[in-house]
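Okay, so here's the structure we're looking at.
We name chains A, B, ... by the order of the sequence lines, and we start the count at 1 in each one.
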Amino acid sequence: MPEGHTLHRIARRHNALLGGRKVEVWSPQGRFSAEAAMLDGRRLDEVGAYGKHLFYRWDGAPTLYVHLGLVGRFTTWSRSEAPPATSGTRLAMRAADATTYLTGPMACRLVSGEEENEIIGTLGPDPIRSRRGRAEFARRLGPRRVPVAAALLDQRIIAGIGNVYRAELLFLLGIHPDTPAAALTPEQVDALWDLSVDQLRLGVEHGRIVTVRPAEMGARGRVDLDDDERLYVYHRDGLPCRRCATPIRMKEVAGRRTWWCPVCQPGGS
DNA sequence: TCTTTATGGTGAG
DNA sequence: TCACCCTAAAGAT
């Protein structure tokens, strides 16, 4: 589930349900018990999302840092009653009108203000936080030889893009994933940033990634699309391109599989 | 009942 | 580049 839009959505919901309230904090799994005890009963001041990173800031306690990684997940109810936590639940938080369980996080720990700043400091501009990161994105992308599909996953260049968005953004712009970053025109670099802003913010609003455009939706609206109708290329190897019917292709770039249409995204090696 | 897969990232070599 | 970490659900047997 987690690309940038997911994390910002979690921050928004947790701010609404838990922010400004005293929160009961514990660790059903036990692996976070000592830290949970330091937060238990404190007031949660604010939840901040930066790229794929979450920071829970408390009154009188260190910041709770959470990174979901590939398999991490928050399950949240807008009431204090919830089903029992599973044995894998690392962290549980409960306020008067909300309960949330965290499973499988890559990172869940308390951090100092200094460490919090270091983590945020490594990140490139986040297109969900601010639209005004285009010049910084272009600067960090730089005249690199790395494939653009690798650069888009590098959180130091742009924060919040994941494996689905990188494939879909490159399809929408007609750019082959192997294209070296240095070979992109300034117009393509600008378009990558602008499209990232639009698409990730759309993802925050809808709560899922939907990149297909109205021309390919048929008579249906964006919210009515089934899960297998939302995307152009991600995980569609061998299936016909929605625009030109050419079979979608797949290869690894930067250690992750990616997908593209050889006709709509010409070039590569 | 296995094995595989997943929208992520780190650290060793 | 590879091994590894985390959990749950889907797919194979």
Side-chain angles (χ1 to χ4, degrees), chain A residues 1-11 27-33 35 49-55 64-76 83-92 100-109 111 115 118-124 126-128 146-147 149-172 177 195-196 199-212 225-238 248 250-260:
Chain A
M1 298 278 289
E3 295 196 26
H5 68 297
T6 304
L7 287 304
H8 282 266
R9 206 176 159 87
I10 289 167
S27 176
Q29 183 191 52
R31 287 181 54 180
F32 196 65
S33 293
E35 298 90 335
Y50 300 76
K52 300 171 188 170
H53 306 253
L54 287 170
F55 297 91
L64 167 65
Y65 167 58
V66 173
H67 193 299
L68 293 182
L70 186 58
V71 298
R73 186 186 195 105
F74 272 109
T75 309
T76 303
T86 62
S87 60
T89 301
R90 183 81 56 88
L91 167 73
T100 189
Y101 295 152
L102 170 64
T103 59
M106 187 183 76
C108 174
R109 63 177 195 266
V111 295
E115 190 177 358
E118 282 174 12
I119 293 167
I120 295 170
T122 63
L123 299 174
D126 177 343
I128 298 174
V146 298
L152 288 177
L153 283 188
D154 186 339
Q155 302 298 300
R156 297 169 299 185
I157 293 175
I158 181 170
I161 304 282
N163 207 24
V164 176
Y165 276 124
R166 77 157 168 173
E168 295 295 309
L169 295 172
L170 292 176
F171 173 86
L172 286 168
L195 189 61
S196 299
Q199 287 294 326
L200 270 75
R201 290 183 177 198
L202 210 51
V204 175
E205 295 316 310
H206 288 290
R208 59 179 187 168
I209 303 175
V210 181
T211 57
V212 290
L225 295 177
D226 291 337
D227 280 350
D228 60 359
E229 302 176 304
R230 303 174 297 131
L231 307 173
Y232 284 108
V233 293
Y234 176 78
H235 224 302
R236 297 193 71 240
D237 44 307
I248 298 301
M250 183 270 286
K251 69 177 296 185
E252 277 203 9
V253 178
R256 313 281 305 278
R257 291 194 286 170
T258 198
W259 293 263
W260 82 101

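Rounded to the nearest Å, the gap between the P atom of C:dG11 and that of B:dT7 is 15 Å. Separation of the P atoms belonging to C:dA9 and B:dG9 is 22 Å when rounded to the nearest angstrom. Spacing between B:dT10 and C:dA8 at atom C1', rounded to whole Å, works out to 22 Å.
To the nearest angstrom, P of B:dG8 lies 11 Å from OH of A:Tyr165. The nearest whole Å value for the distance from the NE2 atom in A:His235 to the C1' atom in B:dT7 is 10 Å. Put simply, OH on A:Tyr50 is 21 Å from P on B:dG8, counting in whole angstrom units. Residue A:Asp237 contributes atom CG, which lies 10 Å from atom P of B:dA6 at whole-angstrom precision. Between the C1' atom of B:dA6 and the CZ atom of A:Arg73 lies a distance of 11 Å, rounded to the nearest Å. Distance CG (A:Leu70) to P (B:dG8): 6 Å, rounded to an integer number of Å. Atom CG in A:Leu68 sits about 13 Å away from atom P in C:dA8, given to the nearest Å. Between the CZ atom of A:Arg90 and the C1' atom of C:dC5 there is a distance of 10 Å, rounded to whole Å.
The phosphate of B:dT7 (OP1 or OP2) has no side-chain N or O of A:Arg257 nearer than 4.0 angstrom. For C:dC6, neither phosphate oxygen OP1 nor OP2 lies less than 4.0 angstrom from any side-chain nitrogen or oxygen of A:Gln29. Close to C:dC6, at under 4.0 Å from its OP1 or OP2, lies no side-chain N or O of A:Thr103.
Scored by the salt bridge (charged side-chain N to carboxylate O under 4.0 Å, His left out) test, A:Arg208 finds A:Asp227 as partners (sequence neighbours excluded).
A donor-acceptor pair under 3.5 Å links the side-chain atoms of A:Ser27 to the main chain of A:Arg90, judged by distance alone. Remark: side-chain polar atoms of A:Arg9 are paired, donor with acceptor, to backbone N or O of A:Glu205 under 3.5 angstrom.
Nucleic acid contact for A:Gly162: sugar-phosphate only, since backbone atoms but no base atoms lie under 4.0 Å from a heavy atom of the residue. Note on A:Arg31: only backbone sugar-phosphate atoms sit closer than 4.0 angstrom, heavy atoms only; bases stay farther off.
Classified by interplanar angle (parallel below 30°, tilted 30° to 60°, perpendicular above 60°), the ring pair A:His67/A:His53 is perpendicular. Taking the six-membered ring where the residue is Trp, A:Phe55 and A:Tyr50 present perpendicular rings, their angle passing 60° and hence far from 30°.
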Every protein N/O within reach of nucleotides 9-13 of chain B N/O, cut-off under 3.5 Å:
unit_1: B:dG9; atom_1: OP1; unit_2: A:His67; atom_2: NE2; d: 3.3
unit_1: B:dG9; atom_1: OP2; unit_2: A:Lys52; atom_2: NZ; d: 3.1

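The A:Val71 side chain lies nearest to C:dC6 when the options are B:dG8, C:dA8, C:dC6.
In this structure the side chain of A:Glu3 never reaches within 4.5 angstrom of the side chain of A:Leu200, judged on heavy atoms.
A:Ile161 and A:Lys52 get closest at one heavy-atom pair: O-NZ, 2.8 Å.
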